[in-house]
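Presented below is the structure to which this report refers.
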Amino acid sequence: MSKPNSTFVTEFLFEGFSNFQWHHRLTFFVVFLTLYLLNLSGNMIIVTIIRLDRHLHTPMYFFLSMLSISETGYTVTIIPRMLFGLLNPQQTISFQGCGAQLFFYLMFGANNCFLLTAMGYDRYVAICKPLRYSVIMSKATCTHIQFGSLGIGLIIATVHVTYMFRLSFCDKFVIPHFFCDVRPMLKLSCTDTTINEIINVVFSLCALVLPMCLVFISYVLIISTILKIASAEGRKKTFATCASHLTVFIIHYVCASFVYLKPESESSMEQDRLISVTYTVITPLLNPLVYSLRNKEVRDAMCRVLGLKYLSS
């Protein structure tokens with residue numbers, strides 16, 4: 001009888017984009033590298049601006065800076081190896097390296113979900129309980145929420161990786177993806193994956209469905225409060241404070257839910273790979289873009305920090 005963590009595989013091979021011609025892969029490389037650099041620079045600018053400008057030292061922008069840092073870690077975990085794979089289709093990753101990539105991917109991904117939920121709660125308190133906002137959203141509360149979000153991400157990642165690498169993979173070593181993700185890994189296993197499937201469903205519900213429900217409830221209460229505002233201009237201005245968060249939240253959850261919440265019978269590796277490109281390359285870029293282009297406070301703060309007052313109008 002073999003040990004639970006035994007395996008005949010010492011490294012994995014990513015299928016990635018190997019079925020594309022060289023000139024197509026080169027085009028993808030240039031596009032994804034450009035988006036990756038924009039993502040890194042955009043998120044770092046957001047973090048820097050928030051740290052330097054005292055007008056943005058509020059709970060909402062505290063969570064935004066934490067989200068930008070988390071998004072940066074998330075993309076650094078996935079995209080550099082993906083870019084290398086576009087140039088070298090025969091890219092391998094060690095057994096331990098795959099475990100590390102899966103761990104950080106899940107940790108940062110879950111952390112992002114709960115930070116977006118915290119931002120939704122912040123908007124609810126600001127609009128529905130404005131007189132108690134500073135008391136409810138105190139510095140201590142924000143810090144606890146931040147560490148709680150990261151802690152949940154650590155638990156999800158640790159449990160997933162622990163049970164994933166107790167499986168045996170026998171002679172199957174080609175991962176039909178461009179990074180180590182849960183479902184592609186489970187498809188490679190030559191042992192029973194029932195426990196892993198249950199863990200995946202439970203954590204998908206915890207990290208996706210629960211935050212979606214909480215944010216949905218927050219926005220139902222927010223909208224009901226906004227509708228009570230007498231003037232149309234007042235309603236418009238109040239809702240504008242939620243627009244950036246709501247945009248990022250919807251795009252983030254639509255992509256993630258499409259992959260992790262749909263039935264296994266409807267799962268297509270090619271389709272999942274395409275969606276994965278969206279939420280690992282494009283979606284993280286939307287965070288700095290939406291909050292810099294749509295948010296006047298961030299634009300004004302950027303101009304103050306850079307000394308470009310004439311651009312803030």
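Being a predicted model, the structure only gives us computed values, none of them experimental.
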With side-chain contact (heavy atoms from CB on, under 4.5 Å) as the test, would you mind laying out the steps for His160 and Phe165 before giving the verdict?
CA-CA 9 Å; His160 255 307; Phe165 288 92; over 6 Å; no
Passes side-chain contact (heavy atoms from CB on, under 4.5 Å), Val277 versus Phe32? Steps please.
CA-CA 9 Å; Val277 169; Phe32 292 160; 3.7 Å; yes
side-chain contact (heavy atoms from CB on, under 4.5 Å) between Asp53 and Tyr61: does it pass, once the steps are laid out?
CA-CA 11 Å; Asp53 193 282; Tyr61 292 107; over 6 Å; no
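The shortest distance between side-chain heavy atoms of Val281 and Asn39 does not fall below 4.5 Å. Looking at Arg132 and Val125, their side chains never come closer than 4.5 Å, going by heavy atoms from C-beta outward. Counting heavy atoms from C-beta on, the side chains of Pro284 and Thr280 never come closer than 4.5 Å. Side-chain contact check for Phe29 versus Phe17: every heavy-atom pair is 4.5 Å or farther apart. Considering only heavy atoms from C-beta on, Phe114 stays 4.5 Å or farther from Leu214 through its side chain. Contact of the Ser218 side chain with the Arg123 side chain is not registered, since no non-hydrogen atoms from C-beta on lie closer than 4.5 Å. Within the 4.5 Å cutoff, the side chain of His245 has heavy atoms near those of the Tyr219 side chain. Residues Phe249 and Met212 form a side-chain contact, since some pair of their non-hydrogen atoms from C-beta on lies under 4.5 Å apart.
For the side chain to side chain contact (heavy atoms under 4.5 Å, CB included) test with Ile45, the passing option among Asn43, Thr48, Ile49, Val47 is Ile49; the others fail. The only option from Phe169, Phe179, Phe173, Phe178 that meets the ring pair (Phe, Tyr, Trp, His ring centres under 6.0 Å) definition with Phe12 turns out to be Phe169.
Counting heavy-atom neighbours within 6.0 Å of Leu26 CG, excluding the residue itself, gives a total above 12. Annotation for Tyr163: atom OH does not count as buried by contact number, only 12 or fewer foreign heavy atoms lying within 6.0 Å. Around atom NE2 of His144, no more than 12 heavy atoms belonging to other residues, nucleotides or ligands sit under 6.0 Å away.
In this structure, the side chain of Ser138 does not engage the main chain of Ser134 through any donor-acceptor pair within 3.5 Å. For Gln101 (side chain) and Cys180 (main-chain N/O), a donor-acceptor pair under 3.5 Å exists by modelled atom type.
What you find for Cys206 and Leu210 is that their closest heavy atoms are O-CB, 3.5 Å. Across Asp192 and Asn196, no two heavy atoms sit closer than the pair O-OD1, 4.4 Å. Taking every heavy atom of both residues into account, Asn112 and Ser70 meet most closely at OD1-OG, 2.5 Å. Among all heavy-atom pairs drawn from Met164 and Val182, the shortest one is CE-O, 3.7 Å. Across all their heavy atoms, Thr77 and Tyr105 have their closest contact at CG2-N, 3.8 Å. For Ile156 against Ala207, the heavy-atom pair with the smallest separation is CD1-CB, 4.1 Å.
For the atom pair Leu86 CG and Arg81 CZ, the distance stands at 13.0 Å (nearest 0.5 Å). Residue Ser189 holds its OG atom at 12.0 Å from NZ of Lys187, rounded to the nearest 0.5 Å. Between the CE atom in Met60 and the CD1 atom in Ile50 there is a gap of 9.5 Å [rounded to 0.5 Å]. Atom CG of Leu116 and atom CG of Leu67 lie 5.0 Å apart (nearest 0.5 Å). Atoms CE and OG1, on Met185 and Thr193 in that order, are 12.0 Å from each other to the nearest 0.5 Å.
Neither side chain, Tyr74 nor Asn111, offers a donor N or O lying under 3.5 Å from an acceptor on the other.
Checked against the 6.0 Å centroid criterion, the rings of Phe62 and His57 do not qualify as a close aromatic pair.
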